[in-house]
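For clarity, every value in this text was computed on a predicted model and none was experimentally measured.
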Number of protein chains: 2
Amino acid sequence: METAQLAAGVIKGERRALARAITLVESAREDHRVQASELLQLLPLDRQALRIGLSGTPGVGKSTFVESFGMMLVEKGLRVAVLAVDPSSSRSGGSILGDKTRMDRLARAPNAFIRPSPSQTHLGGVARRSREAVALCEAAGFDVVLIETVGVGQSETVVAEISDLFLLLLAPAGGDELQGVKRGIMEIADMILVNKADGDLKPAATRTCADYAGALRLLRKRPQDPEGFPKAVMVSALHENGLADVWQDIETLIAWRRAQGFWHRTRADQARYWFGQDVRNALLGQLETPQARAALKSFGDKVASGEMPPSVAAQSFLAGLDRRDGSKS
Amino acid sequence: METAQLAAGVIKGERRALARAITLVESAREDHRVQASELLQLLPLDRQALRIGLSGTPGVGKSTFVESFGMMLVEKGLRVAVLAVDPSSSRSGGSILGDKTRMDRLARAPNAFIRPSPSQTHLGGVARRSREAVALCEAAGFDVVLIETVGVGQSETVVAEISDLFLLLLAPAGGDELQGVKRGIMEIADMILVNKADGDLKPAATRTCADYAGALRLLRKRPQDPEGFPKAVMVSALHENGLADVWQDIETLIAWRRAQGFWHRTRADQARYWFGQDVRNALLGQLETPQARAALKSFGDKVASGEMPPSVAAQSFLAGLDRRDGSKS
């Protein structure tokens, strides 16, 4: 399909065109990259969705939450897109979100669009493609883009840098089991949602929620947080309890950030950040050739064994990189 | 002084030679960089000190702690070096640790060496110089190197990646004042020391300590932590209370990590990390020229205002960078 035609389809909100466009930005093929770049330049820059980042390890009920929360938004008349950022899917052999059957109702809703995580490469690539997929969903007129991740490695940081706000979904736990939150993630969470606050697990959820509320209070207040945020609340995605309150909290948070200028500033900062990241990734891409990798490994072994100081090894490695560059030109 | 002579002086543990060598590795001058590199290659690689990272904001009693803790170690017959990593000193107009009078006894102890933070440049440079200063102290036969920082920006990460273990010094606080710990720092702390647990502040210190002990329990256990770590304890640097217990905890922690192989593995990982950082810093150094900075600023403004997508701006910027490179050669 021609690029202009594809762009027009996306802008009209055609799901097939959007799906094809996302496939295009996900492709690593050089000609696809060129076409994707052309496509992105044809999109209107004035359409903005609310971008909600969501992280939760397997077993916390993330699919159920996305289904229930997404359906609630769709029933409010909002158009909802769901994207997955999953840098680990090459290991697990496929997308965590690939199984749309776990989001049965949302997958069939006309105003919803669910996109499983692509089979992936390195995290830098995942970040760029996820950003571009979000941009496509915004151009297609979606009101809310839910960007979810399983929180492997740095993927939460990637999602946080694409999102307007970040939700961390946790399961209730007791005593020692509480050690489940990766250090550092509390830094980026705007809301901690303790799921499964129903039936037998309700007392544990109450305890867990209070514990995390206490832990959040121990951290330094960020300028972009209104009074009471970040906060920990209980939900039951299964019984659809607490979801309306979460949405109301989100609206309160976002309204405050818009009024205070943080919404715009964060988006501008994120754009600058990703521009810088793209530039850096390109420069560091020189380290990704097979020859460079082999030399890095060999020098790395020498510094690890204490044979050579790191700075001396770096100088030797870079001298070799320059020579190879020179012989190419 | 000749490089070989300087190296010999350092290896003999001569304080003047050590001070000169540190000045050399701190210098940004190109000829000094070359000489520093030669010097580092002349040092024995088999001398290891215990490297203790220490972070605390101004007012927590860090100088008093370093003085009391350092004197205790010196009195045990250990040789103690104190280095400061202070990326903010260019702003504050000098070193936080510059005032040795606040460590009166330690500054005069024959087996101690205190090195104020250099007037600084960018954090990458601070990291490399601090590493090299640590290497010089090890070569000079010190048993313990205390590497302290005020915890501005990323300096704690730098210190943690140089250290064998990391101490976070806090002051007692009540209620809302507790929001003083930067999110993310709990990730790297092996021990949280609540100082000023004396006199009127003792009840507040007890509460603060319990709060942080609770918060630490909510975080995921790291493989390199034996039972009971990371831990929060109370000390009074002023009254020299609790310091012997801290040292015993450190010895327990380090003995366990040595026995389990984490000591060696961490050092090897750190060496690999710094090798990689040095290589990356050199490649990204291309962005530090005045022309590159100007172009980054101009494209950055365009993406921040939404005029251009980040990936498109990155491609345009890199094309310009290549052209400039081409015209040079």
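Across G276(A), A314(A), G214(A), the residue that shares the most heavy-atom pairs under 4.5 angstrom with chain B is A314(A). Among A135(B), A282(B), G300(B), P309(B), the residue making the largest number of heavy-atom pairs under 4.5 Å with chain A is G300(B). Chain B forms the most heavy-atom pairs under 4.5 Å with one residue out of S37(A), A36(A), S305(A), A215(A), and that residue is S37(A). Chosen from L43(A), L40(A), D301(A), D46(A), the residue pairing most often with chain B at heavy-atom distances under 4.5 Å is D301(A).
Using modelled atom types, one finds no donor on one side chain facing an acceptor on the other under 3.5 Å when comparing T266(B) with Q224(B).
In this structure, chain B has a heavy atom under 4.5 Å from the side chain of Q315(A), while its backbone stays farther away. Residue Y273(A): no heavy atom, backbone or side chain, is found under 4.5 Å from chain B.
A salt bridge is defined here as a Lys NZ or Arg NE, NH1 or NH2 lying under 4.0 Å from an Asp or Glu carboxylate O, and D190(B) with R222(B) meets this definition.
Under the 3.5 Å distance criterion, the side-chain polar atoms of E132(B) are left unmatched by any main-chain donor or acceptor of R129(B). When atom types are taken as modelled, the side chain of W274(B) and the backbone of E161(B) share a donor-acceptor pair closer than 3.5 angstrom. Side-chain N or O atoms of R47(B) include one that pairs as donor or acceptor with a backbone N or O of I11(B) at under 3.5 Å.
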